[in-house]
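Step one of this worksheet: look at the structure below.
Chain identifiers are assigned alphabetically (A, B, ...) following the order of the sequence lines, protein sequences preceding nucleic acid strands; residue numbering begins at 1 within each chain. Reckoned from all heavy atoms, side chains included, excluding hydrogens, waters and symmetry mates. No experiment lies behind these values; they were computed from the predicted model shown.
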Amino acid sequence: MSTQLPMMEKEPGSATLVATLSIAGFISGLILITIYLATFDTIAANKARELREAVFRVLPGVTQMQKLRFDGKTLVVLPADARDDENTLYGGYDAEGRFIGYAIANAGPGFQDTISVLYGYDPAARKMVGMWILDSRETPGLGDKIYKDAAFVANFDDLVMEPQIIAVKRGTKARENEIDAITGATISSKAVVRIMNEAHAFWGEKLSGTPPALEKQIERVNHGNTLK
Amino acid sequence: MATHSNKPTAYDELLKGLWRDNPVFVQVLGMCPMLAVTNSAFNAVVMGLATFFVLVGSSLLVSALRQWIPRPVRISVYVIIIATFVTVADYTLLALLPAAHKELGAFLPLIVANCMILGRQEAFASKHTVKFALMDAIGMASGFMLALFALGSVREILGEGKLFGLALFGDHFEPWVIMILPPGGFLTLGLLLLIFNWVTERKREFLAQVAEQQAGNR
């Protein structure tokens, strides 16, 4: 490696240094804005599609959905691009517009980082009908089985949620509200269950009323942009 | 590799990153992504491609602008350039390959802190012409990617019994879960370094032997 450096005749003044860094920062900023704007629509569309697929997955038979918000008394329909908060959830409907169930998202601490869970809830049967992990950073090979292990995910396909879900050692599942935990990832399994129990404690009673009807308009208005 | 003249050609600069000065096996740089994201061959390749893009782009710019970057602030300017390329790679992956982006998570933005990249700017790109800097960057980035892939494929094959998600063995294979956990990364890296150094040593001995024989024949 050669060490022939083009030696500077004299040290550059501080004005030169400030100017260099400002120009570099300015150009960098322009590039960042460009890439942000260029990818924004695709990223938003990816997220919307991912959520839509997740809702369809946790609620078998669902082909249409709408965003709902609990306003203190009842559930009101929101436009699909409305902001999410702890009072929003999704209603799932079949092709004829008949109500099937709610998809509820909740997040909580896992073994390493926040786990974000979406589950399907059938208020008539008061049962969970499916679950999907939206986001997690659990240990590869162990904790990531909460979404990679089909047998674990299938635990939640027909699960009584009351009084609460309990994770038990694999193979000892006896009652309808128990699930088989993953061997070697008990903390991750229990975290998933705790997140669901918390969500159910919050939503359980609020969802006992008549579900809101599917508003066709919402679906049509958003067909062109966010939901593809 | 015996160099007959002191001046390396652009081709030499390209090749040195692959073996003689391999950033991972010889310089032992960039260990954080090396150990963290090599739990599958796919992750390793995506990380390798992102690093390739950042290193080649940064080296090109740093080399082209080397006369205008004042020495006292050169590191800051390099970091600005590298960080810009990293963010571009980050957003592009998020838009085009959201699944891969999810797997690599925090390690994509952390390419900024990969000392291998900053090291190439300071040690090479800032002192050489664009052509040589590009060759050096392509060689080093390919060497890095090869090393990532070597580690990732070994860990995925042993840890999950798969390569690129395709099952290699029957159902009877019990995966060595430890291989995709952090200790597996250290074990595999250690063994690969051992093999690499052993091969290098053998090669040196062989070349010395050949030289001796030639000297004897004369």
Does any backbone or side-chain atom of A:Asp41 lie under 4.5 Å from a heavy atom of chain B? Answer side chain, backbone, both or neither.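 No part of it gets close to chain B.
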
In terms of heavy-atom proximity below 4.5 Å to chain B, should A:Thr20 be classed as side chain, backbone, both, or neither?
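Only the side chain of A:Thr20 comes within 4.5 Å of chain B.
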
Original post:
Based on non-hydrogen pairs under 4.5 Å, which of A:Ile31, A:Ile35, A:Ile27, A:Leu32 is most in contact with chain B?
Top reply: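 Answer, by heavy-atom pair count under 4.5 Å with chain B: A:Ile35.
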
Flag the one option from B:Val77, B:Ile81, B:Ile80 with the top tally of heavy-atom pairs under 4.5 Å to chain A.
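Looking at each option in turn, the highest pair count goes to B:Ile80.
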
Please determine, among B:Thr87, B:Asn39, B:Leu94, B:Leu65, the option with the most heavy-atom pairs under 4.5 Å with chain A.
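Option with the top pair count is B:Leu94.
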
Residues, nucleotides or ligands: over 12 heavy atoms within 6.0 Å of B:Phe164 CZ: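 Enclosed.
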
_Under 6.0 Å between ring centres: does that hold for B:Phe25 and B:Trp19?_
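Centroid distance B:Phe25-B:Trp19: not below 6.0 Å, so no.
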
Practice task
Would you please indicate if the ring centroids of A:Tyr121 and A:His200 are separated by under 6.0 Å?
Solution key: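 Yes, the ring centres sit under 6.0 Å apart.
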
Practice task
I would like to know whether A:Lys47 and A:Glu50 meet salt bridge (charged side-chain N to carboxylate O under 4.0 Å, His left out); could you show each step before the answer?
Solution key: CA-CA 5 Å; A:Lys47 281 197 176 142; A:Glu50 203 179 316; over 6 Å; no

Note to self: For A:Phe40 and A:Tyr36, take the angle between the two ring planes, folded into 0 to 90°, and tell me which bin it lands in: parallel under 30, tilted 30 to 60, perpendicular over 60.
What the structure shows: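 Rings of A:Phe40 and A:Tyr36: tilted, 30 to 60°.
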
